[in-house]
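Taking it in order: structure first as structure tokens, then the write-up.
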Amino acid sequence: MKSAIRKEILNKRKQMPQEEVDAKSEQILNQLISLNLVENPQVILCYMDFRNEVKTDAIIEYLLEQDKVVVLPKVNTETNTLDLYQIEGFKDLVTSAMGIREPNEDLPQILPSDIDLILAPGVAFDHNCYRMGYGGGFYDKLLPQIRPDCNVIALAFDLQIVSELPIEGHDQPMSAILTESQCIKSMK
């Protein structure tokens with residue numbers, strides 16, 4: 001069931017025209033700002049968008065302009081986990097073999113326990129704030145390492161919201177899911 005949901009949502013997202021991705025990503029940034037979701041956290045883990053995910057360049061620029069500590073993940077292929085690096089700008093990024101922009105390994109590493117807020121990607125989400133990723137389990141491994149007061153806000157398009165996802169024991173709800181038209185908050 002998970003693979004069918006993943007395939008369906010990825011296909012829908014892939015068919016979005018670039019202009020629509022750009023416009024809806026801008027709406028999500030405006031929501032982040034208007035709802036004051038990034039005002040108080042100082043150390044913020046974001047991601048670099050890939051394949052029609054919610055675009056994050058403008059979000060990262062905004063966070064840097066607000067003097068936030070911006071942290072980006074990089075897959076560690078030896079441990080199959082995410083290493084976290086502080087960036088000061090897009091000059092600190094390199095393009096991986098997969099075509100994903102990621103932080104240079106020479107940058108300062110940040111511990112998961114130092115993060116105040118996570119802006120997370122994903123494939124599908126439900127109204128109970130559960131997230132389905134790409135199947136690598138990277139965020140499933142990261143989330144147990146963060147502080148209890150660290151909020152995790154998933155960034156998604158409305159078309160990525162489904163009525164209910166199949167949940168496994170290790171799945172944790174996000175604090176909120178932010179789309180171009182709504183902010184779904186967890187009841188946890």
Given side chains that start at C-beta, do those of [X] and [Y] come closer than 4.5 Å, heavy atoms only?
X: Pro173; Y: Asn128; result: no
X: Glu53; Y: Met48; result: no
X: Ile161; Y: Ile184; result: yes
X: Tyr85; Y: Ile110; result: no
X: Leu117; Y: Leu119; result: yes
X: Asn151; Y: Ile118; result: no
X: Leu111; Y: Leu84; result: no
X: Asn104; Y: Leu93; result: no

[atom1]/[X]: more than 12 non-hydrogen atoms of other groups inside 6.0 Å:
X: Gln66; atom1: CD; result: yes
X: Gln18; atom1: CD; result: yes
X: Lys91; atom1: NZ; result: yes
X: Gln109; atom1: CD; result: yes
X: Lys2; atom1: NZ; result: yes

Determine, using the 4.5 Å side-chain heavy-atom cutoff (strictly less than), whether [X] and [Y] are members of one ILVMFWY cluster.
X: Leu159; Y: Val123; result: no
X: Leu178; Y: Val162; result: no
X: Phe157; Y: Leu29; result: yes
X: Met98; Y: Leu82; result: no
X: Tyr139; Y: Ile167; result: no

Short N-O contact, [X] and [Y], less than 4.0 angstrom:
X: Asp83; Y: Lys74; value: no
X: Arg101; Y: Asp57; value: yes
X: Glu26; Y: Lys55; value: no
X: Asp149; Y: Arg147; value: yes

Would you say [X]'s side chain and [Y]'s backbone share a donor-acceptor pair under 3.5 angstrom?
X: Gln31; Y: Thr179; result: yes
X: Asp126; Y: Cys129; result: yes
X: Lys68; Y: Ile60; result: no
X: Asp171; Y: Glu168; result: yes
X: Arg131; Y: Pro121; result: yes
X: Arg6; Y: Gly133; result: yes
X: Gln172; Y: Leu143; result: no
X: Ser96; Y: Ile100; result: yes
X: Thr56; Y: Tyr47; result: yes
X: Asp116; Y: Cys150; result: no

Looking only at non-hydrogen atoms, find the nearest pair between [X] and [Y] and report the distance.
X: Ala154; Y: Met174; result: CB-CG, 3.9 Å
X: Asp49; Y: Val54; result: CB-O, 3.3 Å
X: Val94; Y: Pro103; result: CG2-O, 4.3 Å
X: Cys183; Y: Leu35; result: CB-CD1, 3.9 Å
X: Pro112; Y: Ile146; result: O-CG2, 3.8 Å
X: Ile28; Y: Ala156; result: CD1-O, 3.3 Å

- Item | Intermediate values then yes/no, side chain to side chain contact (heavy atoms under 4.5 Å, CB included), Val21 and Met16 | CA-CA 7 Å; Val21 171; Met16 288 175 68; 3.8 Å; yes
Calculate, to the nearest 0.5 Å, the distance between atoms [atom1] and [atom2] belonging to [X] and [Y] respectively.
X: Leu10; Y: Ile5; atom1: CG; atom2: CD1; value: 11.5 Å
X: Asn11; Y: Arg13; atom1: CG; atom2: CZ; value: 11.0 Å
X: Leu72; Y: Leu107; atom1: CG; atom2: CG; value: 9.0 Å

- Query: Between the side chains of Asp158 and Gln182, is a donor N or O closer than 3.5 angstrom to an acceptor N or O?
  - Reply: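 Indeed, the side chains of Asp158 and Gln182 share at least one donor-acceptor pair under 3.5 Å.
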- Task: Check the side chains of Thr81 and Asn76 for a donor-acceptor pair under 3.5 angstrom, ignoring hydrogens and angles.
- Result: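 Result is no, nothing qualifies.
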- Message: Holding to side-chain contact (heavy atoms from CB on, under 4.5 Å), I want the full list of residues that pass it with Glu8, two or more places apart in sequence or in another chain.
- Response: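 Expected list: Lys12.
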- Item | side chain to side chain contact (heavy atoms under 4.5 Å, CB included) assessment of Val38 paired with Leu63 | CA-CA 8 Å; Val38 293; Leu63 295 174; 3.9 Å; yes
- Note on the structure: With Ile9 as partner, the option from Lys14, Gln160, Met132 fulfilling side-chain contact (heavy atoms from CB on, under 4.5 Å) is Gln160
- Message: Just to verify, what does Glu20 make a side chain to side chain donor-acceptor pair (under 3.5 Å) with, not counting sequence neighbours?
- Response: Lys24
- For Val71 and Val43, what are the C-alpha separation, side-chain angles and deciding distance, and is it a side chain to side chain contact (heavy atoms under 4.5 Å, CB included)? CA-CA 7 Å; Val71 180; Val43 181; 3.8 Å; yes
- Query: What's the verdict on side chain to side chain contact (heavy atoms under 4.5 Å, CB included) for Leu142 and Leu45, showing C-alpha distance, side-chain angles and the deciding distance?
  - Reply: CA-CA 11 Å; Leu142 175 68; Leu45 173 63; 3.7 Å; yes
